[in-house]
Each structure stands twice: as structure tokens, then as C-alpha cells.
Q: 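Quick one: the structure is below, and I'll ask about it shortly.
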Amino acid sequence: MTMQSETITDAKRATLVSAERAMLRAIEHLRAEQTERGAWWGDYGGPMFLMPMYVAACRYARREIPADKRGRMLEYIGNVQQPDGSVGLHAEGAGSMFTTAMTYAMIRTLGMSADHPVASKMRAWIRDRGGPVGAASWGKFTLALLGLYPWEGLAPLLPELWLLPYATPFHPGRLWCHCRQVYLPMAYLYAKRSTCAPDVLTAQLREELYPTPYDSIAWSEHIETVAREDAYRPSSPVLRAANKAMLAYEKRASRRVRERAVRSVYEHVCYEDDVTNDIKIGPVNAVLNTLCHVVEGDLARAERGFVELERWYLWDGHDGLKMQGYNSTEIWDTTFAAQSILATPFADEAKDVLAKAHDFVRDNQIIEDVPSFEKYYRHRSKGGWPFSNRPHGWPITDCTAEGFKVAVALEESQAEKVPVELLRDSVRLMLSWQNDDGGWASYERQRGGAWIEALNPSQVFGDIMVDYSYVECSSAVMQALAKAKRRFAGEFDVEIDRALARGAALLRAKQREDGSFEGSWAVCFTYGTWFGVSGLLAAGASTRDPAIVRACEFLLSKQRKDGAWGEHHTSCSERRWVDHPDGHAANTAWALMTLARAKSSAQGEMRRAAQWLIDRQSTDGSWPRESLVGVFNRTCMINYENYRRYFPLWALGEWAATER
Ligand code: LAN
């Protein structure tokens, strides 16, 4: 008996000692990776529909892409092409007609010959499956811009919707900001039937892409057609009916009203450019807004759009040149890197690193609201933090929460702090974002009913129509509010207590039968459960609370024999746990942190998880690149390059603290 417990203690001690060494190495690695600006950022590729849109815009605008860049773009496609010749919705996904058809047009535009093995295999895949008539709607849209699909084969994208009174339940201003900002320039380009001037390549591509002669296709019958591979959310009966009604309207649309609608839409496009310093909220409107200016003939604006797009969204990475999912990941990565260092016993040794991180966070807080924000369907911004940086300027609920947490955690040690009034603004902003259901969405309050999802026209993405309450966003804000209550003792107590109680009720309602929480922005249940448990604890739940105990039991039931956790990305689309063939450092880190925060009694399991992380660390102090672990809208994976640099560190830090 004594012997055995001594051996366990020895094993624990040995793991603790090697954990400390691992932490120091990881911190040194983070130090080396920190940029001049004090931030971390990294590859944010993965979605495969972005670069084809950019290249289409360049072709439209006759913008030359330098030969070296073209070469690296083609290299990227060679690296992510699936063995069957297709391209997935994301770099690791099975073939999608949407992205494969667009990518084919792209590689040919970039100068690859039709006989190249990459091209011929891709073309065969497309033609064997009936060609681009089965591409999801954004694919058809992009091909329409290129003159490779006629506009009559698309569902109408009416600019007039923007003229409706806001009280209309499906007014565009009520949509999730990303959805709204994609369909805004689309409505402009659709109304103008913007089509690139045809040339020899147009004729070649029409022949290469389609298995039947282009001129013989009955386009208007293919408005709702979607290939089996793309059909995650095929058009619902409600959407089909709406499309029919819009087509009928389109035939009789008044020219005057159309013109007024187009002017209004274009004004919103310009506003978005202005308030984001031409960066735009995301990669899709970065391309499409720029194209609107080309069509409008405002070439100075178009040029600014292209310059900012190329500066911020193009990324020459480990596997080639790609387009990123956002203009940068700086605030997100920096707040997590800082918190991971703070969770270790070595924060003092990394004082300089933390000071630089603090200053980056301070200098990238948003310090004013956008002008006339209500007119442009914007929420307040002042006091918020974005995902990337201040010039981008769209505040996000959980980024604000993480920014606030870091600002407060480092406040005492810094001379030039975040001004206290701006910290208060941040608290007020977080409170103002709470939804009626008690949770927090991503950028704004939820402005429309979930039923609008029946009108989701994308076919490939889930949950894009309104900004829903998310476990992650709710938890992050709740953690920050709990900190705010301590920081501003007495000032916001009543509001914060009330917000936390309502938030906790929402989290409890979201917990699944099996004790897990579903994540929406990373794979999947380990991520969601980390947030679910942390949010409940922040709201005052005890570690013996049945909800917390059940969540830990769920995690323990999924631990692998080798001590790790590994979830496959299809967990997100299928909304159930799917094992990954391998353990994953980020999944393992989230699970281990959850157990540590919940003061789980499963000490042996936690030690084995820690040991797995330690054994897995690379000599440079990082962890190896594994399968993509970020996700959006249930189906599309995205690469968070730095998750393998700070989450394992953070988990080792929190685990080691439970052992001391
Ligand atoms: C992001 C990036 C950041 C991310 C977190 C802050 C990590 C998350 O906790 C909340 C959601 C958010 C803000 C998020 C939402 C969806 C985004 C904007 C992205 C994954 C980056 C790219 C993606 C965007 C929707 C891509 C364009 C595609 C569309 C379907 C419009």
C-alpha cells in the first residue's frame, strides 16, 4: 500500500518536473514568435472558397498578380487538392463542387494549362458530377462574375430588401453581420449583373467545366440545384417559395426603385470600407466590396480595397500562398498567449513579453463608436476589442472579454494602463450585448428569430442568418464580468450579478444530456465544455455542482488510452462526438484545463494527459501542427496556427497548479 502510493507520488513528481521544463520551453518559443508589435498572429487559412473569389476579382479588374505569387498560389492548390482531384470546402474536407469549380476557374486564370495533371484531374471530378450547375450558390455567383454561369441561373439577390422598414422580420439589418456584409455587395453586383468581359479563356472554361454544351443548358432550372457533396443545407421549401416570389418580382421590378435600392446598398458598402479603414469585416466582403467599386467606376476606392486586401488577407504560409479568414488573428492570439503565460509559475521570467503583449492589447482597444452607427445597423463599439486589431474595428463579444481579462490581469504591473474609463466602457458594452435568452452572440445582440434560418441561401453553411447565443461567447463574457465585479467593486454589482445569473441559466440550458457542451468555433465538445464549465464557475457554481460533475464525467469518458483527447472535425457538422484517429494537443489542453478548473478527483487521468502533452512537445517548444481545429458555421475548418503554441502551455500551467 505504502509502496504503491509512493510510486504514484514519484510519478507525479516526475511529471511535474518535466511539466515545468516544458512550460519554460513553450514560453521561450512564444517569446521568439512575438512580433515587433507585441502580438502573436499566424496562418489563418483553411476555407477554400476565398482565394478563388479574390482571383476572380483580379481577373474582372484586369489586375495583374505577380508571377511569383501566382506560382505560390498554385503550389497551395497542389498541396490541398484531394487524391480524387477535388478541393474541399476547407483544406482538409472531402470534395465540394462549390470550391472545386471555383478553384478550377482560378488555376486556369493563374496560368495553369488544362493538361496539367492537377487541372485535368480536377476537371474530370467536376464533369463526372454534372458540372457547376451543382455548385452551391456562392460558387454560381463567382462563376457568374466571370461569365461562366449566367445570372438567370441564380436566385435573385434583391437590393430592394434594404429599403424595407426595419420592422420587417427578415430585414437585412437583422442578419448576422457576416451574412449581412456578404449579401450586401452581392446584391449590388447582382443588380448590375456584373460580368467580366469575355475572352478566349472564357470560352475555353465554358467548355472545360461543363459536360454538356454551355448554350444548351436550361439555367433557370438549376437555381436550386446543388450537388450531393455540397448539400449541407439545401434550399428549404420556404426559401424555394421566396425565390419564386423574388423571380416574379424581378421581372416587373420598377427601374426607379431598383436604382434607389442600388444607391442605398452602395452607400452601405462605402460606409463599411470607411469604418474599417478599407479592411472590411471579413475576407468575402473584402473582395466583393472592392469589386463593387470597380463596377461603380470608383477606381481609387477599388485600388485601396485591393491594396488592403493584399496586405492583410494574403498569407504566404507553410503550404503555399492562401487567403486568410480574417485580416489578422492578433488580439485573439495575444490575449490567449498572455493568459497562458500568466497561468504558469514563470510569469516573472516573461515580464518583458507580457508587457509588450499588454501594450498591444491596450493600443488595439476600440475607443470610439462608428459614426451614425444606428443608421448603418451597427451596435456601439467603444470599449470593445476586435479579433484582429484596431484599424479593423469591429468589436466582438468574446474578444472584448479576453481583452478585458488581460488588461485587468496585467494592469497592476504596467505603468501605461488601459484608461479606467475605457475599462468601464468595456463592461458597459459587454452588458449591453446580452441577449434576451441570457446568452451572448458573437458581434451584436440577436436581432431576428431562429426561424430565419429557413431562408439560409448558402447551401453549404449552417447557422449563418442571425447572431445566436453561443456557449463560448457567453462564457468568455461571463468570466470577464466576474473579473469586472471585483475590479469595480460596488459599481456594477447589481447589473453583473443579474447578467451572470441569466448567463448561467442559458449555459445550463445548453448543456447536453451527456454532460457536454457543444462548441461552435473550434472542434468541438472539448472546446465547448471548457467554456461551459468555465462560465458556470465564473457565475459562482461550485465544483461539486451536478452540471460541472457531469461535464467532467463526459470528458473522462472520451479520454484515449494514451491520455490524450482527439475529436474529428465532423463532430461539428454531425453535432455528435466523432473520434479522431489521433490525440490532438488542443483538444487535450481544453479537456485537461476543464478538469483542473473543476478540481476533478481524476488525478491519474489528468497526470496522464499532462504527460501526453509533455511527450508531444517539439524541441523548439511548440507542439506539432495537427489537423485544423477551428471551425465556423458547422462545416468550414480554419487554421488557428498558434493554438498549438499556447493552449498546451496553459493547460500544463493550470494542471501543475492543482498539484502544488
Ligand atoms: C471568426 C473569427 C473569430 C471568431 C471567434 C472570436 C474565435 C469566435 O469565438 C466567435 C466567432 C468569430 C468572430 C468568427 C466568426 C466567423 C468568421 C468571421 C471567423 C471564423 C473568421 C472567418 C468567419 C467568416 C464568417 C468567414 C466568411 C464566411 C461566411 C460564411 C460569411
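Throughout, residue positions are numbered sequentially from 1 according to the sequence presented. Start at 1 and go down the list; that is how both ligands and their atoms are numbered.
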Q: Under 6.0 Å from the ring centre and within 45 degrees of the ring axis: does the NZ or CZ of Arg378 meet both conditions for the six-membered ring of Trp394?
A: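 So Arg378 does make the cation-pi contact.
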Q: Tyr313: what forms a ring-ring contact (aromatic ring centres under 6.0 Å, His included) with it, not counting sequence neighbours?
A: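 Once residues adjacent in sequence are excluded, Tyr313 has no partner under the ring-ring contact (aromatic ring centres under 6.0 Å, His included) criterion.
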Q: If you measure only the distance, is there a donor-acceptor pair under 3.5 Å linking the side chains of Thr100 and Thr103?
A: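 Checked: Thr100/Thr103 side chains show no N/O donor-acceptor pair below 3.5 Å.
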Q: Check ligand 1 for N or O atoms under 3.5 Å from a protein N or O and list each pair with its distance.
A:
from	atom 1	to	atom 2	distance (Å)
ligand 1	9 (O)	Asp398	OD2	2.3

Q: For the residue pair Glu330 / Asn389, report whether a side-chain donor-acceptor contact shorter than 3.5 Å exists.
A: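 Their side chains do contain a donor-acceptor pair, which is all the 3.5 Å distance test asks for.
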Q: Is Lys382 paired with Asp369 through a side-chain N to carboxylate O contact shorter than 4.0 Å?
A: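 Salt bridge between Asp369 and Lys382, a charged N being under 4.0 Å from a carboxylate O: no.
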Q: Under a 4.0 Å threshold between the charged nitrogen and the carboxylate oxygen, would Lys510 count as salt-bridged to Glu518?
A: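 Salt bridge: no.
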